[in-house]
Amino acid sequence: MQSSAESRPVHILFVGAGAVGCFYASRLHHPASSVYTSLTARSNYSVIAKSGVTLQTHSFGDYNFTPHAVFPSVTAAAETKSEDGFGAPRDGWDYVVVTTKALPDQSDDSQLIAPLISAKSCIVLIQNGVGVEEPYRKRFPRNPIISGVTVVSAEQIKQGTIRQNRWTRISLGPYGDGRTGNGPASEGTKRLLTEGHARMDDLARWWTELGGIKDVETHTELELQTIRWHKLTINAAFNPTAVASGGRGNADQLKDPELREHILGIMNEIWTAVPKILGKPFPENLATPERIVRSTERNAGAKPSMLLDWEAGRPMELEVILGNPVRIARHAGVEMPRLQSIYALLKSMQEVRDASRKAKL
Ligand SMILES: NC(=O)c1ccc[n+]([C@@H]2O[C@H](COP(=O)([O-])OP(=O)(O)OC[C@H]3O[C@@H](n4cnc5c(N)ncnc54)[C@H](OP(=O)(O)O)[C@@H]3O)[C@@H](O)[C@H]2O)c1
C-alpha cells in the first residue's frame with residue numbers, strides 16, 4: 001500500500017451508487033493518501049447516508065465503506081460546497097465517474113452530470129456497450145474522458161448492500177474523438193488523449209496501490225475500443241437472447257441447437273464487422289466465438305443483467321448493446337442483420353410493455 005499522500009487532495013465523485021459504482025468507489029477512497037471518494041445516490045440515498053455501503057466481496061472479504069460525502073442528487077453534489085468538510089470540493093471535482101446503467105433512450109446522462117463538470121474535471125465512464133462516450137464528448141469537447149470496461153460480477157442485493165461474486169478486472173483507455181486512429185488526429189484530440197492518459201495512469205495507480213485491485217489495465221484508445229467490441233460479442237449475443245428465449249441463462253441457451261446457431265451467428269457478425277469499424281481485426285489473444293461458447297457452456301451461472309432488468313420491468317440497455325452497434329456498423333458500410341432483428345424485437349417488446357403500463361395508470 002502507498003503511504004505517501006498526493007501533493008493535493010483528489011476529489012472523485014461517482015454518479016450511480018449501484019453495484020459497479022459502490023464496489024469501485026470503495027476501492028479508491030483513501031483519506032490517508034488524500035484521495036477522497038464521494039457518491040451520488042438515488043433510491044438508496046437514505047440507507048447509504050445513514051450506514052455507508054455494506055460490501056460482501058469474493059476478492060476482499062466483507063467490509064463497510066463510508067464515502068467522504070453522499071449526495072441525494074447531482075444538483076446537491078454540484079451545489080454543496082465546503083472548504084474541506086463533508087461536501088463537494090470548493091474548486092470542483094477532479095474526477096466524475098459515471099456508473100449508471102447506460103440508457104440514452106431514457107435519459108441523457110451527459111446532461112445530467114453537466115453541473116458537476118469544471119475545467120479540471122476528468123470524466124470516467126464505466127458502462128457496458130459501445131458508443132457510450134459520444135454524447136459526453138459532444139457536450140464536453142475539452143475535458144479528458146476515460147472509457148472503462150469491467151468484468152466484475154456484482155449486484156445490489158438490498159439497498160446499500162453490494163455483493164461482488166467474482167472478478168475485479170477493469171480496463172481503461174482515454175477517449176479522443178472516437179475515430180480510434182482512422183486518419184490523423186487533430187491537435188485538440190492529441191491533447192485530450194495525452195491528458196486522458198496521464199489522468200488514467202493516476203486512477204489506475206490508486207485502484208492498484210490503494211485499492212488492491214490486481215487487474216487494472218491501461219490501454220490506448222484503439223485497444224480499449226477493441227475490448228469494448230469484444231465484450232459486446234458476449235453481451236449482444238447472450239443478453240437479448242436470454243429475454244427473447246423466455247428467460248434462459250447463458251449456458252442453458254447453448255443447449256438448444258437453434259439458439260446456439262443464433263448465438264454464434266451474432267458473435268460472427270460482430271467478428272466480421274470489427275475490422276471495418278476499428279480498422280483492425282480482433283487480436284489473436286482474444287477469445288474467438290467458438291472459445292467463448294465453450295467456456296460459457298461450463299459456466300452455468302446467474303441470469304444476464306438484461307434479463308433481470310426485463311423481469312423487474314426496468315429499461316434494458318438496448319441502445320448501447322444493440323442499437324449503437326448496428327448504427328456504427330452501418331456507418332462503416334456493414335449490415336448486421338441478426339443484431340438488427342433482435343434489436344427491433346426487444347425495442348418493440350419494451351415499448352409495448354411500457355405503453356401498457358402507462359395505459360393502466
Ligand atoms: N453489475 C455488474 O456485474 C456489471 C458488470 C459489468 C458491467 N456492468 C455495467 O456497469 C454499468 C452499471 O451497472 P450496475 O450493475 O452497477 O447497475 P445498477 O446496480 O443498476 O446501478 C446503477 C445505479 O445508478 C443509479 N442512477 C441511475 N440514474 C441516476 C441518477 N439520475 N442519479 C443518481 N443515480 C442514478 C441507480 O439508482 P436507482 O437505484 O435509484 O435506480 C443505481 O443505483 C452498466 O452499464 C452495466 O451494464 C455491470
Side-chain angles (χ1 to χ4, degrees), residues 13-27 38-49 53 55-59 67 69-78 96-116 124-133 135-136 147-172 215 227-228 230-232 234-236 238-240 242 250 301-322 324:
L13 177 70
F14 279 67
V15 177
V20 167
C22 287
F23 177 70
Y24 282 108
S26 78
R27 307 307 312 167
S38 300
L39 296 176
T40 300
R42 195 166 61 175
S43 56
N44 55 7
Y45 169 74
S46 51
V47 175
I48 296 181
V53 182
L55 287 117
Q56 301 171 359
T57 77
H58 168 81
S59 308
V70 189
F71 302 97
S73 66
V74 162
T75 314
V96 174
V97 186
V98 181
T99 48
T100 53
K101 286 260 168 83
L103 300 166
D105 50 335
Q106 312 282 325
S107 69
D108 178 356
D109 286 357
S110 73
Q111 186 178 28
L112 173 76
I113 67 161
L116 303 167
V124 185
L125 305 170
I126 312 177
Q127 294 176 311
N128 270 339
V130 297
V132 292
E133 307 90 349
Y136 294 86
S147 187
V149 175
T150 178
V151 179
V152 64
S153 165
E155 54 190 320
Q156 183 166 209
I157 52 176
K158 63 178 182 179
Q159 288 207 328
T161 301
I162 309 298
R163 186 165 64 204
Q164 177 250 2
N165 299 306
R166 52 187 163 161
W167 303 308
T168 55
R169 188 187 311 152
I170 182 154
S171 309
L172 304 169
D215 42 5
I227 291 169
R228 273 202 180 280
H230 189 257
K231 192 166 185 215
L232 187 81
I234 300 164
N235 289 336
F238 290 108
N239 291 16
N250 296 3
K303 293 177 176 183
S305 62
M306 192 177 277
L307 177 59
L308 295 174
D309 286 337
W310 171 254
E311 288 178 346
R314 295 187 295 256
M316 299 178 280
E317 290 183 300
L318 294 179
E319 296 306 324
V320 296
I321 289 179
L322 298 170
N324 283 351

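Atoms within each ligand, like the ligands themselves, are counted from 1 in listed order.
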Of the listed options [options], closest to [atom] (non-hydrogen atoms):
{"atom": "atom 48 (C) of ligand 1", "options": "Val132, Asn239, Val20", "result": "Val20"}
{"atom": "atom 31 (N) of ligand 1", "options": "Leu112, Thr75, Ile170", "result": "Leu112"}
{"atom": "atom 42 (C) of ligand 1", "options": "Gly18, Gly129, Gly21", "result": "Gly18"}
{"atom": "atom 2 (C) of ligand 1", "options": "Cys22, Ala19, Ala17, Ala154", "result": "Ala154"}

Next item on the list: Could you pull out the closest heavy-atom pair between Glu317 and Met306, with the gap in Å?
Entry: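 Scanning both residues, the minimum pair turns out to be O-CE, 3.9 Å.
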Item checked: Contact check, side chains of Asn128 and Val320, non-hydrogen atoms, under 4.5 Å ->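 No, every pair of side-chain atoms sits at 4.5 Å or beyond.
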If you measure every N or O of [X] against every N or O of ligand 1, does any of those distances drop under 3.5 Å?
{"X": "Val15", "answer": "no"}
{"X": "Glu317", "answer": "yes"}
{"X": "Arg42", "answer": "yes"}

Return the closest protein heavy atom for [atom] as residue, atom name and distance.
{"atom": "atom 5 (C) of ligand 1", "result": "Val152 O, 3.2 Å"}
{"atom": "atom 20 (O) of ligand 1", "result": "Lys101 NZ, 3.8 Å"}
{"atom": "atom 8 (N) of ligand 1", "result": "Asn128 ND2, 3.7 Å"}
{"atom": "atom 24 (O) of ligand 1", "result": "Gly16 CA, 3.4 Å"}
{"atom": "atom 22 (C) of ligand 1", "result": "Thr99 O, 3.6 Å"}
{"atom": "atom 26 (N) of ligand 1", "result": "Thr100 CG2, 3.7 Å"}

Note to self: Can you see whether Arg42 engages Ser73 through a side-chain donor-acceptor pair at a distance of less than 3.5 angstrom?
What the structure shows: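 No - no donor-acceptor pair under 3.5 Å links their side chains.
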Item checked: No-hydrogen, no-angle side-chain donor-acceptor test under 3.5 Å, Gln127 and Thr99 ->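 No, Thr99 and Gln127 have no side-chain donor paired with an acceptor closer than 3.5 Å.
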Item checked: CA sep, side-chain torsions, deciding dist, call: Trp167, Thr150, side-chain contact (heavy atoms from CB on, under 4.5 Å) -> CA-CA 9 Å; Trp167 303 308; Thr150 178; over 6 Å; no
Within ligand 1, which atoms have a heavy atom of [X] less than 4.0 Å away?
{"X": "Ile126", "result": "10 (O), 11 (C)"}
{"X": "Lys231", "result": "6 (C), 7 (C)"}
{"X": "Ser43", "result": "38 (P), 39 (O), 40 (O)"}
{"X": "Thr150", "result": "6 (C), 7 (C)"}

Is it true that a side-chain atom of [X] and a backbone atom of [Y] form a donor plus acceptor pair closer than 3.5 Å?
{"X": "Gln156", "Y": "Ala19", "answer": "no"}
{"X": "Gln159", "Y": "Ser43", "answer": "yes"}
{"X": "Asn44", "Y": "Ala17", "answer": "yes"}
{"X": "Asn165", "Y": "Ala154", "answer": "no"}

Note to self: Show, in sequence, the C-alpha distance, side-chain angles and deciding distance for Thr168 and Val152, and conclude whether the side-chain contact (heavy atoms from CB on, under 4.5 Å) test is met.
What the structure shows: CA-CA 5 Å; Thr168 55; Val152 64; 5.6 Å; no
Next item on the list: In plain terms, say whether Glu155 and Arg163 are close enough for a salt bridge, that is, a side-chain N and a carboxylate O under 4.0 Å apart.
Entry: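 Yes.
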Notebook entry, point to check: Is Gln159 touching ligand 1 with its side chain, its backbone, both, or neither, if touching means heavy atoms under 4.0 Å apart?
Noted result: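 Near ligand 1, Gln159 shows nothing, with every heavy atom at 4.0 Å or more.
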